[in-house]
K.L.:
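First the structure, then my questions, so here it is.
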Amino acid sequence: MSSVWHPFTQHGLQEPIPCVVRGEGAVLHTTDGRRVIDAISSWWVTTHGHAHPRIAAAIRVQAGRLDQMIFAGWTHEPAEEVAAGLRAIMPASLTRVFFSDSGSTSVEVALKMALGYWLARGDARHRILVMEHGYHGDTIGAMSVGQRGVFNRAYAPLLFDVETIPFPAAGAEQATFDALDRACAAGAAAFIVEPLVLGAGGMLFYSADVLRRMRDICARHGVLFIADEVMTGWGRTGTLLACEQAGVEPDILCLSKGLTGGALPLAVTMASEPIFEAHWSTDRAKMFFHSSSYTANPIACAAAAANLAIWREEPVLARVARLGAAQAARLATVDGIRNPRVLGTIAAFEIGAGEGYLSDRAPRLMVAFRERDVLLRPLGDTLYVMPPYCIGDDDLDRVYSAISEVLARHR
Ligand SMILES: *Cc1c(COP(=O)(O)O)cnc(C)c1O
């Protein structure tokens, strides 16, 4: 009997917990000898594949050289290399790189930077604008700027107030622009949004044009624009960043998940020069008060540096394009689904008639996929396929035949 308490798992339902011993590319091998296709990139983190040789080698070397050290007032080569590498490929206006260890903390850091910016300008602002159905992590601040619901009901009294802008559903975009314009005019510190795809909210897509216009509205009012690309970054939507497709440069950018290729926990919050300058002073009371023990852990940074080298030296975007086309071709063969859609490496669609996240269909489907050696985890009524970029055609075929088979039985 294991003592492990698993995340997002109802132990009372005695969900079976498979044990994995080895990962390779898009495949996980279990202790009982099963070869499972990881069709969701282990919750959206694995980009180039599990146990990628270049990333694993970088981790091995760094672990024998410098494992961990304080990052307040000290630095090390892997962190400097990652910061320089990010500067070279991320939007030019994002001149500063602040390290932390998860997507949630990168969001907390972004929010604190935004508030610090306004305080330093002598115009203290605390109102954060968010998008309906948004998700930014599970810490208290990150939950506060995310969609309220069953996930955070127990903590609702502790979550801070935000102003929610309606999701720009196709045909109703003007309502989003109007609400954002009004909220910005009333005075807000920042607007935080997932560019092009709201992941945990149900793989909801909106257009690059909408993103561009939302950014313009914020700029017109001087409200900071925070792009949470924790999921959408690193090629997921077809480009390095989703923001690129809209020609948008955010004031603050959150990156994690694929930053190390998915090998180790690491995050960065990138900020534009005015945000850094707002905290620059000879007064210690005005420094940016945030740190965690493992900030810029050298081994995690070495993994991120290896990921950056892969992006520089290998045709990653061509792999992404190939996977996108392969997904679209297979998705077209699935019958009886609603709203099939593909963006970059992400394919998604709806099943059933809108029973919601807690309906027991999603867990039943998950078990049915697991029995077919496919790792998929529906989000309520939304089923999505988001594999590592290296997945082979045969394995992708297996994923889609499992989907067709399971849907035919469990509809
Ligand atoms: C996953 C996710 C987060 C949280 O990242 P963690 O590393 O799980 O804390 C934040 N924002 C978005 C958009 C995400 O998809």
Side-chain angles (χ1 to χ4, degrees), residues 6-9 38 40-47 98-114 128-149 151-152 155 159 162 164-165 167 190-206 211 214 225-237 240-243 248 250 252-270 290 292 294-297 300 303-304 307 343-346 348 357 377-380 382 384 386:
H6 287 267
F8 275 76
T9 300
D38 184 356
I40 59 165
S41 296
S42 280
W43 248 356
W44 323 345
V45 302
T46 308
T47 49
F98 190 95
F99 288 93
S100 63
D101 16 53
S102 73
S104 302
T105 53
S106 75
V107 167
E108 301 281 351
V109 165
L111 298 173
K112 286 172 71 171
M113 281 178 176
I128 306 289
L129 312 180
V130 308
M131 183 176 278
E132 180 190 17
H133 304 306
Y135 176 79
H136 301 285
D138 281 343
T139 53
I140 294 284
M143 280 194 293
S144 297
V145 294
Q147 178 72 37
R148 308 296 164 99
F151 322 97
N152 46 41
Y155 330 110
L159 305 185
V162 294
T164 304
I165 308 302
F167 176 77
F191 175 47
I192 181 165
V193 71
E194 298 161 83
L196 301 190
V197 183
L198 275 58
M203 296 298 157
L204 304 175
F205 295 179
Y206 63 88
L211 179 60
M214 293 192 304
F225 188 88
I226 304 173
D228 176 354
E229 295 238 20
V230 169
M231 187 279 277
T232 51
W234 304 106
R236 272 296 159 204
T237 69
L240 175 63
L241 292 183
C243 278
V248 156
I252 302 179
L253 170 69
C254 301
L255 294 171
S256 185
K257 295 193 169 125
L259 171 58
T260 58
L264 283 174
L266 185 72
V268 294
T269 306
M270 295 187 71
H290 191 95
S292 60
Y294 288 99
T295 299
N297 171 264
N307 170 51
L343 183 66
T345 67
I346 309 169
Y357 189 87
R377 192 180 161 103
L379 280 162
T382 304
Y384 66 92
M386 196 201 277

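When a residue number appears, it is its place in the shown sequence, counting from 1. We count ligands from 1, going down the list as the structure has it; atoms in each ligand are counted the same way.
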K.L.:
Checking contacts here: is it the side chain or the backbone of K257 that comes within 4.0 Å of ligand 1, counting heavy atoms only? Could be both or neither.
P.N.:
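The answer is the side chain of K257.
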K.L.:
Parallel, tilted or perpendicular: which describes the rings of F8 and F151, with under 30° parallel and over 60° perpendicular?
P.N.:
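Answer is tilted, since the angle falls between 30° and 60°.
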K.L.:
By number and element, which atoms of ligand 1 are closer than 4.0 Å to a non-hydrogen atom of G137?
P.N.:
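In order of number, 4 (C), 10 (C).
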K.L.:
Against heavy atoms of E194, which atoms of ligand 1 measure under 4.0 Å?
P.N.:
13 (C)
K.L.:
Please name the pair of heavy atoms, one in L111 and one in G141, separated by the smallest distance, quoted to 0.1 Å.
P.N.:
CD1-O, 4.0 Å
K.L.:
Is a side-chain N or O of D101 found less than 3.5 angstrom from the main chain of L266, in a donor-acceptor match?
P.N.:
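Looks like no, no N/O pair under 3.5 Å.
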K.L.:
Can you list the atoms of ligand 1 that are under 4.0 Å from a heavy atom of D228?
P.N.:
10 (C), 11 (N), 12 (C), 13 (C)
K.L.:
Quick check: does any side chain N or O of N307 sit under 3.5 Å from a backbone N or O of G258, one acting as donor and the other as acceptor?
P.N.:
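Between the backbone of G258 and the side chain of N307 there is a qualifying donor-acceptor contact (under 3.5 Å).
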K.L.:
Using a strict cut-off of 4.0 Å, indicate which atoms of ligand 1 neighbour a heavy atom of W44.
P.N.:
15 (O)
K.L.:
Please determine, by modelled atom types, if T139 and E108 share a side-chain donor-acceptor pair under 3.5 angstrom.
P.N.:
yes
K.L.:
Heavy-atom distance from atom 11 (N) of ligand 1 to the protein below 4.0 Å?
P.N.:
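Yes; the ligand atom in question has protein heavy-atom contact below 4.0 Å.
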K.L.:
Nearest heavy atom to atom 4 (C) of ligand 1 wins, so pick from S104, G146, S106, S256.
P.N.:
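That would be S104.
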K.L.:
Looking at S102, which atoms of ligand 1 are within less than 4.0 Å of one of its heavy atoms?
P.N.:
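Answer for ligand 1: 7 (O), 9 (O).
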K.L.:
Out of all atoms in ligand 1, which are within 4.0 Å of some heavy atom of M231? Include the element for each.
P.N.:
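Those of ligand 1 that fall under 4.0 Å from M231 are 15 (O).
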K.L.:
What are the atoms of ligand 1, with element, lying closer than 4.0 Å to any heavy atom of G103?
P.N.:
4 (C), 5 (O), 6 (P), 7 (O), 9 (O)
K.L.:
Regarding S41 and R236, do their side chains bring together a donor and an acceptor under 3.5 Å, going by distance alone?
P.N.:
yes
K.L.:
Within the supplied structure, the quantity of interest is the number of heavy atoms (other residues, nucleotides, ligands) at a distance under 6.0 Å from F205 CZ; does it exceed 12?
P.N.:
yes
